[in-house]
Amino acid sequence: MTTFLGIIVFAVLVWVVPLAWQHGRRRYLRSRPLSKKQETILHSRLALYPALSADTQLELKQNVSLFLRDKEFVGCNGLQVTEEMRVVIAAHACLLLLGRENSCYPNLRTILLYPDAYVAEETHHHGHVQSTRLSARAGEAHYRGPVVLSWDDIQQGLAHPEQGHNVAIHEFAHKLDEEDGYVDGRPPFARREDGKDWAPVMREAFAELRQRLHALHQEHQEQQGAEPGSANDPALEAPQPVSVLDTYGAQSPAEFFAVATEAYFVIPTAMAAAHPRLYREMQKFYRTDPAALLHGSRRGD
């Protein structure tokens, strides 16, 4: 009996001690202050930072401190990773964590950073036939693996926020999505009631985006067959308005969630106006209101 109890105690300790150590380590790393240089970069390169309350700024800095000390940044294709690069990426990754308990991307250890768009191999399956091809990419998030980012694409997104793109936010949304074990466009909610309307709202918005993409394809095909100077000549048509949600999100629910997250944080006012129900669902998960912050209001949840 004593031996059996000893085995049980040993098994519990093997399970509990590493968890306690990880929790204590994260708490310690969060408590480490950022340097003046890091704080300056955070303040100047994260658009929402000045609008955050003092308490939320402190929360963000603590998460950034943990991120910078817990993750490895690796430069690729000769890129020398600078402190600005590290802080900018950490800031946008940790922006997604505000307002709720988190382990700061526990399945992520490494960020691979390229100077610009890089080439990766894609594999496609058509029944029993498998094909591969090379494609240029701005970023990708490997399941329970590294995040890969193009620094030039991050810079372009920060320079032109009106376009609604931020590859760092996009890829870290994928890392949030995977935390429940499934990359399916539904991240894990801390409170079950917050996610009760998630599926129908996201499904409707996703279907609308797919319909819009289909309409764009049809329009393109019609334009390709138009005679120059005809009523359907693209050169004579008025420019189309910029979409709030990138049609890349029509590929899958997971990509839709990542694209919607980009719009939510980068062009929140436009997204709230174009997709109010979707915006409210994103707000329930992210526990913040970027549109209100940009308008000088600090409403609570």
Side-chain angles (χ1 to χ4, degrees), residues 30 34 38-68 84 87-102 104-105 154-177 187 189-191 193-195 197-198 201-202 205 242-246 249 256-301:
R30 279 192 172 100
L34 298 180
Q38 290 170 334
E39 285 202 31
T40 298
I41 296 170
L42 183 61
H43 191 280
S44 62
R45 301 304 305 274
L46 185 64
L48 283 173
Y49 185 82
L52 300 175
S53 68
D55 288 344
T56 305
Q57 287 181 350
L58 176 59
E59 178 191 355
L60 179 64
K61 287 189 288 187
Q62 289 172 339
N63 282 331
V64 168
S65 177
L66 169 57
F67 191 100
L68 291 174
E84 179 186 19
V87 174
V88 166
I89 292 169
H92 288 87
C94 293
L95 180 65
L96 309 190
L97 305 177
L98 291 176
R100 63 187 190 280
E101 292 292 327
N102 67 85
C104 195
Y105 304 100
I154 292 175
Q155 292 278 70
Q156 290 297 319
L158 295 177
H160 302 284
E162 72 281 356
Q163 296 177 359
H165 295 302
N166 185 302
V167 66
I169 288 178
H170 183 106
E171 301 306 337
F172 282 102
H174 283 313
K175 299 305 286 185
L176 286 180
D177 191 8
F189 283 83
R191 301 184 306 197
E193 61 270 21
D194 287 344
D197 297 324
W198 181 270
V201 172
M202 297 295 281
V242 176
S243 171
V244 172
L245 295 177
D246 193 311
F256 180 80
F257 170 63
V259 163
T261 297
E262 284 184 89
Y264 181 76
F265 283 104
V266 180
I267 47 173
T269 303
M271 181 179 178
H275 303 279
R277 293 183 66 218
L278 177 60
Y279 186 90
R280 285 194 295 271
E281 290 306 307
M282 302 292 284
Q283 186 181 358
K284 290 176 187 176
F285 176 69
Y286 285 116
R287 309 292 295 278
T288 188
D289 189 344
L293 289 171
L294 290 178
H295 284 85
S297 172
R298 291 173 178 164
R299 296 200 304 260
D301 291 333

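The first residue of the sequence shown is numbered 1, and numbering continues consecutively from there.
- Inter-residue side-chain proximity for M282 and W198 is flagged as met; some heavy-atom pair is nearer than 4.5 Å.
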Audit row: L60, L46, side chain to side chain contact (heavy atoms under 4.5 Å, CB included) steps and yes/no: CA-CA 11 Å; L60 179 64; L46 185 64; 3.5 Å; yes
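- A 4.5 Å side-chain heavy-atom check between M202 and L278 finds at least one atom pair inside the cut-off.
- We find the NE2-CG distance between H165 and D246 to be 4.5 Å, quoted to the nearest 0.5 Å.
- Applying the side chain to side chain contact (heavy atoms under 4.5 Å, CB included) rule to T269 yields the partners A291, H295; only residues at least two apart in sequence or on another chain are considered.
- A search for salt bridge (Lys or Arg N to Asp or Glu O under 4.0 Å) contacts involving E59 returns nothing, not counting sequence neighbours.
- Put simply, the side chain of F265 reaches to within 4.5 Å of the side chain of L48, judged on heavy atoms.
- Taking the six-membered ring for Trp and thresholds of 30 and 60 degrees, F257 and Y286 have nearly parallel ring planes, at less than 30 degrees apart.
- For the salt bridge (Lys or Arg N to Asp or Glu O under 4.0 Å) condition, no pair includes a residue of residues 266-276, sequence neighbours left out.
- Remark: K61 pairs with L34, E39, L42, Y49 by the side chain to side chain contact (heavy atoms under 4.5 Å, CB included) rule, at least two apart or across chains.
- For the pair Q38 and E84, the minimum side-chain heavy-atom distance is 4.5 Å or more.
- With sequence neighbours excluded, no residue forms a side-chain hydrogen bond (donor to acceptor under 3.5 Å, both in side chains) with R280.
- Applying the side-chain hydrogen bond (donor to acceptor under 3.5 Å, both in side chains) rule to Q156 yields no partners; only residues at least two apart in sequence or on another chain are considered.
- With sequence neighbours excluded, the residues that form a side-chain hydrogen bond (donor to acceptor under 3.5 Å, both in side chains) with Y279 are D289.
- Separation of atoms CG (N63) and SG (C104) is listed at 5.5 Å; rounding is to 0.5 Å.
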Check residues 90-100 and write down every donor-acceptor pair under 3.5 Å in which the side-chain atom is one partner and the other belongs to a residue at least two apart or another chain.
{"from": "H92", "atom 1": "ND1", "to": "V88", "atom 2": "O", "distance (Å)": "2.8"}
{"from": "R100", "atom 1": "NH1", "to": "L96", "atom 2": "O", "distance (Å)": "2.9"}
{"from": "R100", "atom 1": "NH2", "to": "L96", "atom 2": "O", "distance (Å)": "2.9"}

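- For the side-chain hydrogen bond (donor to acceptor under 3.5 Å, both in side chains) test, no residue two or more places apart in sequence or in another chain qualifies with D197.
- Annotation: the span from K284 atom NZ to E281 atom CD amounts to 4.0 Å, rounded to 0.5 Å.
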Counting only pairs under 3.5 Å, give me each side-chain donor-acceptor contact of residues 168-175, with atom names and distances, residues two or more places apart or in other chains.
{"from": "H170", "atom 1": "ND1", "to": "E262", "atom 2": "OE2", "distance (Å)": "2.7"}
{"from": "H170", "atom 1": "NE2", "to": "H174", "atom 2": "NE2", "distance (Å)": "3.3"}
{"from": "H170", "atom 1": "NE2", "to": "E255", "atom 2": "OE1", "distance (Å)": "2.9"}
{"from": "E171", "atom 1": "OE1", "to": "A141", "atom 2": "N", "distance (Å)": "3.1"}
{"from": "H174", "atom 1": "NE2", "to": "E255", "atom 2": "OE1", "distance (Å)": "3.2"}
{"from": "H174", "atom 1": "NE2", "to": "E255", "atom 2": "OE2", "distance (Å)": "3.4"}
{"from": "K175", "atom 1": "NZ", "to": "H142", "atom 2": "O", "distance (Å)": "2.8"}
{"from": "K175", "atom 1": "NZ", "to": "G145", "atom 2": "O", "distance (Å)": "2.9"}
{"from": "K175", "atom 1": "NZ", "to": "E178", "atom 2": "OE1", "distance (Å)": "3.3"}
{"from": "K175", "atom 1": "NZ", "to": "E178", "atom 2": "OE2", "distance (Å)": "3.2"}

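- Looking at residues two or more places apart in sequence or on another chain, you find a side chain to side chain contact (heavy atoms under 4.5 Å, CB included) between Q62 and R30, L58.
- Applying the side chain to side chain contact (heavy atoms under 4.5 Å, CB included) test to A270 and every residue at least two apart in sequence or in another chain returns V244, I267.
- L158 is listed as a side-chain neighbour of Q155, based on a closest heavy-atom distance under 4.5 Å.
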